[in-house]
Amino acid sequence: MLASFKRVIKSGFLSFKRNFSLNISTIFVVFLAVSLVSFIFFLNLFSRILISDIEKRVDISVYFKEDAPSEKILSIKDEISKLEDVEKIEYVSADETMEKFIEKYKNDETIMESLKEIEKNPFYPSLNINAKTAQGYENIVNYLNKSVPQELIAKIDYFERKPVIDKIFSITSTVNKGGLVFGILFSIIAILAGFNTIKIAIENLKQEIETMRLVGASNWFIRGPFLVQGIIIGFFAILLSLIMIFILFGYFDGKIKSIEPSFSLMSLLFDNFGKLILLQLIVGVGLGIIASSFAIRKYLKV
Amino acid sequence: MINLNNVTKIYSSRFKNNEKIALKGVSFNVNQSEFVSLVGKSGSGKTTLLRLILGEEKPTEGKIYFEGTDLTKIKPAHLYKVRRRIGTVFQDYKLFPTKTTRENIAYVMEVMGASDEEINRDVEQILDIVGLKDRADSFPDELSGGERQRVAVARALIHRPDIILADEPTGNLDPYNTLEIVKLLLKIHEMGKTIILATHNKELVNYLRKRVVTLEDGRIIRDEEKGRFIL
């Protein structure tokens, strides 16, 4: 049994070597399929990072009256942070807002003069809240209206921001859905192209498969070397695709860093390397195994 | 050893009125160590008969037994067990183009799970018998027609099958190579092997002076011990 297994493996490698010119075109098509699926994987990742970044920039602010005690505001903050719709909540005191305002407009004499004339801090203490979804904002505002003493609240800016929030979440949702449909569609096209190339390559060997049957080879002894070849083809395709991805990511990493220093393409690649390899193995090697099995199956009925 | 019982084979195309009767009500037995020549014109049913014995085709009617086993009832996935007991020489050789002479011959032993030592020993021996020692590492497209046919014969013999089916083994050969193959088949037969030879080579059949089964339009019209090729 072990000897037969070794023979099947050896035969697969030998056939791969001797049919190399035929296999090159198959490797190329599987490489395209693997690369396209990897490209869609990263495109999906980029769009998610971008969407999450945009969503993070959306927030609502609850302004408290100047006489609202900070301890009370902090206890309200603790209560709100327990809501499942809340992504992030931050307390900003009136003094902090004032400091930030002065820092921002310190060179604007008119504003600075006006501030001096008021003679007191015109800003309110506030809670800045990020929700997980657009609906989440509405739930949080409902909670604020029902469960927080209204005499403490000066203003909630949700209603002015609602149209913008709704628009942003609608766009990100469309992008997410569109990306998913695009990804699935192109992945199917790439996989079908790879599948058919392997199938055609094996169908060219129809007569050989039939001869194997006629001289007494069992089904697995026939199938085995083709599966081994399919796996080798998948590995070569994955290797080529990885080389291409590393070259492209290395090249664009520097360019993107010059625009957005906090973003690193290479870190993104390394952080998701496990997932990428798994995806490539499923597509590359999976294609080889499934397409070979399908193609051979009909010749094993002789 | 082999028993065909009222076997009919009809090839039907998609068009109902275009049926071809390849064999009609054929019955005959082949005993252990017998040498049978199947003769007849092209299209008389010789190749179909061999294909049925090999399980490559199923009869439309009738039964085929190989040492008591009904071939018509064996599942395709299990046919290899019967085929390992048969050595087949195909008219078009059916060699693997990406395997060398040695590998083509060894393949049959490999599928049967023989050890490397056994394979090396037996392949060397058979290469010597068929006179292809110096062509052991050549690929089929580097061999002449006669050499290819000898590889096909060697492949059919290497696993010591109970029976040899030879379909026009000399069909593509010149007189010299034909004689070589005939001598080889006789040598194998002397070792006690059963041989069924399908041919339309009159000289070959008359030279052999063995049992001759004559087919015409899918029917057996003559079956003679030490017969002659008469059509």
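Throughout, a chain's letter reflects where its sequence line sits, starting with A, and its residues are numbered from 1. Computed from a predicted structure; not experimentally measured.
Interface remark: A:Gln207 contributes side-chain atoms only to the contact with chain B (heavy atom separation under 4.5 Å). Residue contact with chain B, scored on non-hydrogen atoms closer than 4.5 Å, is absent for A:Leu205. Neither the backbone nor the side chain of B:Arg85 comes within contact range of chain A; no heavy atoms are under 4.5 Å apart. For chain B, no part of A:Ser15 is nearby; none of its heavy atoms comes within less than 4.5 Å. With a threshold of 4.5 angstrom between heavy atoms, B:Asp92 approaches chain A through side-chain atoms but not through N, CA, C or O.
A:Arg213 places a side-chain N or O within 3.5 Å of a backbone atom of B:Pro76 that can act as its donor or acceptor partner.
Of all the heavy atoms in A:Val215 and B:Val111, the pair that sits closest is O-CG2, 4.3 Å. Between B:Ile119 and A:Arg7 the shortest heavy-atom distance is CD1-NH2, 3.4 Å. Nearest heavy atom pair, residue A:Ala217 against residue B:Tyr107, reads CB-OH, 3.6 Å.
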Checklist entry - Given A:Ser11 and B:Lys99, is the side-chain contact (heavy atoms from CB on, under 4.5 Å) satisfied, shown in steps? => result CA-CA 10 Å; A:Ser11 175; B:Lys99 290 187 190 292; 4.0 Å; yes
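Residues B:Thr98 and A:Glu208 are in side-chain contact: their nearest non-hydrogen atoms beyond the backbone lie under 4.5 Å apart. In this structure the side chain of A:Met212 never reaches within 4.5 angstrom of the side chain of B:Val108, judged on heavy atoms. Side-chain contact between A:Leu214 and B:Phe90: present, with at least one pair of heavy atoms (C-beta onward) separated by less than 4.5 Å.
For the side chain to side chain contact (heavy atoms under 4.5 Å, CB included) with A:Ser218, the qualifying choice from B:His78, B:Lys81, B:Arg84, B:Arg83 is B:Arg84, the only one to do so.
Taken to the nearest 0.5 Å, the OH atom of B:Tyr93 stands 14.0 Å off from the OG1 atom of A:Thr211.
A salt bridge links B:Glu103 and A:Arg18; the closest N-O separation between the charged side-chain nitrogens and carboxylate oxygens is under 4.0 Å.
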